[in-house]
Amino acid sequence: MANLFVELKTPVSGTYQQPTGLFINNEFVEGVDKQTFEVTNPTTEEVICSVSEATEKDVDIAVAAARAAFNGSWRQTSPQQRSILLIKLADLCEKNTDLLASVESLDNGKSISLARGDVGAVVGCLRYYGGWADKIEGKTIDIAPDMFHYTRQEPIGVCGQIIPWNFPLLMLAWKIGPALATGNTVVMKTAEQTPLSGLVFARLVKEAGFPPGVLNIITGFGKVAGAAISAHMGIDKVAFTGSTLVGRQVMKAAASSNLKKVTLELGGKSPNIVFNDADIEAAVSWVNFGIYYNHGQCCCAGSRIYVQEGVYDQFVAAFKKRAEENKVGDPFHPETFQGPQVSQIQYDRIMAYIQSGKDQGATVETGGGRHGEKGYFIQPTIFSNVTNDMKIMQEEIFGPVCAISKFSTEDDVIALGNDSTYGLAAAIHTKDLNTAIRVSNALHAGTVWVNCYNLLNHQLPFGGYKESGIGRELGEAALANYTQTKSVAIRLGGPLF
Ligand code: TXE
């Protein structure tokens, strides 16, 4: 039997035991084929450790565990007990904030301050859905005096959940929170780039006292384990966050297998609009945060910046200065804002987009190259004089790169803002309430921020219009993704047919 723990060290939490197996039935186990893959530290480009690689056979085992728990122990767990378990898990995450955050920084490259923020959001999300667990209610519907009708909101069953690497722990919490609160069981596949924090989290799942099989966390590749989840006949629902390309594949696999329910949270190319009457200093600050937060690796990143002609020059000069002040470097340094991109592949993709911006004639205001010599670091980059047909204005770059363009009228910017296949988020900076409401109503986006950016909260639904996704995460809205309505009609007497 292989040792499925390895001793690792982080600059913040010191030495800890990192699990490396698949978490199935509350135990860490080797994959059936005993395959493993290497995990790379994006700051140093060195291998951190290897973890188990799940194959189709392991997905089968995890699904069987989740099915047994769904039919057995979890069904017998009352809603109030589910609530207590989720809140206990939140408490354990809070207690282990430094450990979880530092594993996240080590593996993903995000700064330790952002990683601590992520853990805080995980805690809030789990507590919030813990609060919902015993408030899932049906209705009585009065139809006829000799009948009694009511509805029940029942869990869907075994849920497959596939998450990306940009917010490894937070995406996990967003997905398991509503799924477990409503009585489902889960097979979660974390991203191959960032498997470590999910496995540390798995230890806390066991410590919190969840019955075996309720939450299984497996590590592996999308094309193998992810595809096996999407096509599995024993999975009743699949929830996916990732690229639009793979989102389509997940939906196709769901359709051609057992028509499992599908929710998708996909990419974005969100417009961030600055009007002439905006508080420019505040707008600069939010635009900077909107694009460079999490190194631009946000599905809702404000990557298309439209500035009205009266303040264009002033805004561009101030924004350039601000972007150049962002601290890029070692994620474990307390003042770092931007660490490395997650992987060599992402680094190369982003650099190719930067090159395409240069080739298509946009102006590089700042950045446009590598930062430092080692690690996947990219300079905060601003392109100005960008037109809507350019690749950098249309495609999701998912890095610290934004495109600025000038506009004249409100109608113009609404048309430009909506000229995208995506519709995840948008923002408006103005002091005029009428403008704020009119434009936010007109934009095709699932979230609109006014005079701020990236302020997500577990109480507020989040999700995409158009090709940015299907369904909503967070808030009460997410519960609908994980329940199905049963109508019950009881005859109280009356005539026979
Ligand atoms: O995403 P993938 P990648 C966007 C962003 C980024 C691009 C590529 O633009 O540059 O996608 O990133 C699993 N069946 N977003 O390649 O491949 C995979 O293992 C089932 C936006 O990393 O979509 C991982 O767990 N699953 C996004 C997850 O899908 C499959 C966040 C995401 O990987 C699979 C991430 C398959 N065939 C990237 N192939 C957001 N919305 O926030 C892969 N996966």
Side-chain angles (χ1 to χ4, degrees), residues 37 39 42 51 53-56 59 108 110 118 160-168 170-172 174-175 187-195 197-198 217-232 235 238-257 260 262-270 293-301 303 341-354 376 378 391-392 394-401 420-425 446-447 454 456 462-464 466-471 473:
F37 63 98
V39 185
V51 298
E53 182 192 335
T55 63
E56 288 90 344
V59 171
N108 167 283
K110 70 172 69 196
D118 283 7
Q161 301 185 322
I162 302 170
I163 56 167
W165 41 262
N166 52 342
F167 293 90
L170 190 57
M171 292 302 103
L172 193 150
W174 282 20
K175 293 235 178 321
V187 175
M188 155 75 61
K189 190 196 85 64
T190 51
E192 53 269 40
Q193 298 84 350
T194 53
S197 59
I217 301 179
I218 60 172
T219 50
F221 290 92
K223 284 203 166 79
V224 180
I229 287 174
S230 321
H232 206 286
I235 291 183
V238 62
F240 171 81
T241 297
S243 61
T244 301
L245 180 81
V246 173
R248 286 184 208 280
Q249 292 169 5
V250 168
M251 201 159 175
K252 272 188 201 153
S256 51
S257 54
K260 55 179 68 64
V262 180
T263 44
L264 303 173
E265 206 265 271
L266 308 174
K269 190 75 186 172
S270 300
Y293 166 63
N294 209 40
H295 328 167
Q297 301 170 146
C298 288
C299 45
C300 52
S303 49
Q341 307 308 126
V342 76
S343 66
Q344 180 77 52
I345 292 179
Q346 284 303 116
Y347 174 89
D348 291 341
R349 280 175 67 110
I350 297 162
M351 291 308 258
Y353 276 115
I354 291 177
Y376 311 126
I378 296 181
K391 227 169 134 174
I392 54 169
Q394 286 296 331
E395 296 181 19
E396 182 174 56
I397 300 175
F398 227 61
V401 182
S420 170
T421 54
Y422 293 115
L424 193 55
T447 294
N454 272 339
L456 296 166
F462 179 75
K466 300 194 272 187
E467 293 180 25
S468 286
I470 298 175
E473 300 207 89

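For clarity, every value in this text was computed on a predicted model and none was experimentally measured. Remember, it's 1-based here, ligands and their atoms both numbered in the order they're listed.
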Fill in the blank from the handout: When distances are taken from atom 43 (C) of ligand 1, the protein heavy atom at minimum range is Gly222 CA, 3.4 Å
Exercise for the section: For the pair Lys189 (side chain) and Val59 (backbone), establish whether a donor and an acceptor sit closer than 3.5 Å, ignoring hydrogens and angles. Expected result: no
Practice task
State which residue, out of Thr263, Ile163, Leu264, fulfils the side-chain contact (heavy atoms from CB on, under 4.5 Å) condition with Phe240.
Solution key: Leu264
Exercise for the section: Compare every heavy atom of Gly267 with every heavy atom of Thr244, then report the nearest pair and how far apart it is. Expected result: OG1-N, 3.6 Å
Handout entry: atom 16 (O) of ligand 1 touched by protein (heavy atom, under 4.0 Å)
Key = no
Exercise for the section: May I ask whether Trp165 places a heavy atom under 4.0 Å from ligand 1? Expected result: yes
Problem - Thr241 and Lys175 side chains, donor-acceptor separation under 3.5 Å - result: yes
Handout entry: Validation row, ring centre Trp174 to ring centre Phe462 under 6.0 Å
Key = yes
Exercise for the section: Give the single entry among Cys300, Ser243, Gly399 that approaches atom 11 (O) of ligand 1 most closely by any heavy atom. Expected result: Ser243
Handout entry: N/O donor-acceptor pair under 3.5 Å between Asp118 side chain and Leu170 backbone
Key = no
Exercise for the section: Run the numbers for me: atoms of ligand 1, each under 4.0 Å from some heavy atom of Pro164, listed by number. Expected result: 31 (C), 35 (C)
Exercise for the section: Can you label the angle between the Phe398 ring and the Trp165 ring as parallel, tilted or perpendicular, going by 30° and 60°? Expected result: perpendicular
Practice task
Mind checking the NZ-OG spacing from Lys269 to Ser303? Nearest 0.5 Å is all I need.
Solution key: 4.0 Å
Problem - From Val342, Leu245, Val246 - option closest to atom 39 (N) of ligand 1 by heavy atom - result: Val246
Practice task
Could you pull out the closest heavy-atom pair between Pro400 and Gln341, with the gap in Å?
Solution key: CD-OE1, 3.3 Å
Exercise for the section: Looking only at protein heavy atoms, identify the closest one to atom 10 (O) of ligand 1 and say how far it is in Å. Expected result: Gln346 NE2, 3.0 Å
Problem - Under 4.0 Å to a heavy atom of Gln193 - the qualifying atoms of ligand 1, by number - result: 22 (O)
Problem - Region of Ile345 engaging ligand 1 - heavy atom pairs below 4.0 Å - result: neither
Handout entry: Per-atom contact, atom 33 (O) of ligand 1, protein heavy atoms, under 4.0 angstrom
Key = no
Handout entry: Closest protein heavy atom (residue, atom, distance) for atom 26 (N) of ligand 1
Key = Gly226 CA, 3.6 Å
Handout entry: Shortest protein heavy-atom distance from atom 4 (C) of ligand 1, along with the residue and atom involved
Key = Glu396 OE1, 3.4 Å
Handout entry: Region of Gln297 that comes within reach of ligand 1 [heavy atoms, distance under 4.0 Å]
Key = neither
Handout entry: Heavy-atom closest pair, residues Pro164 and Thr194
Key = O-OG1, 4.3 Å
Handout entry: Atom indices of ligand 1, in the order listed, that fall short of 4.0 Å to a heavy atom of Glu192
Key = 18 (C), 19 (O), 24 (C)
Handout entry: Of the listed options Ala228, Gly469, Gly464, Cys299, closest to atom 42 (O) of ligand 1 (non-hydrogen atoms)
Key = Cys299
Practice task
Report the nearest protein non-hydrogen atom to atom 37 (N) of ligand 1: residue, atom name, distance rounded to 0.1 Å.
Solution key: Gln249 OE1, 3.1 Å
Handout entry: Atom indices of ligand 1 within 4.0 angstrom of Lys189 heavy atoms, with elements
Key = 18 (C), 19 (O), 25 (O)
Problem - Nearest atoms (heavy-atom pairs only) where Val250 meets Ser230 - result: CG2-OG, 3.7 Å
Handout entry: Nearest non-hydrogen partners of Gly423 and Ser468, listed with the distance
Key = N-OG, 2.9 Å
Practice task
Answer yes or no: does an N/O atom from Leu266 fall short of 3.5 Å to an N/O atom of ligand 1?
Solution key: yes
Practice task
Say whether Tyr376 and Gln346, considering side chains only, have a donor N or O and an acceptor N or O under 3.5 Å apart.
Solution key: no
Problem - Under 3.5 Å: N/O of Phe240 near N/O of ligand 1 - result: no
Exercise for the section: Could you tell me whether some N/O pair between Thr241 and ligand 1 is separated by less than 3.5 angstrom? Expected result: no
Completion exercise
Per-atom filter on ligand 1: closer than 4.0 angstrom to a heavy atom of Glu265 are 41 (N)
Handout entry: Numbered atoms of ligand 1 (with element) below 4.0 Å of Ile163, judged on heavy atoms
Key = 24 (C), 25 (O), 28 (C)
Problem - Element-labelled atoms of ligand 1 that are located less than 4.0 Å from some non-hydrogen atom of Ala227 - result: 14 (N), 20 (C)
Exercise for the section: Please check if the side chain of Lys260 supplies one atom and the backbone of His232 the other of a donor-acceptor pair under 3.5 Å. Expected result: yes
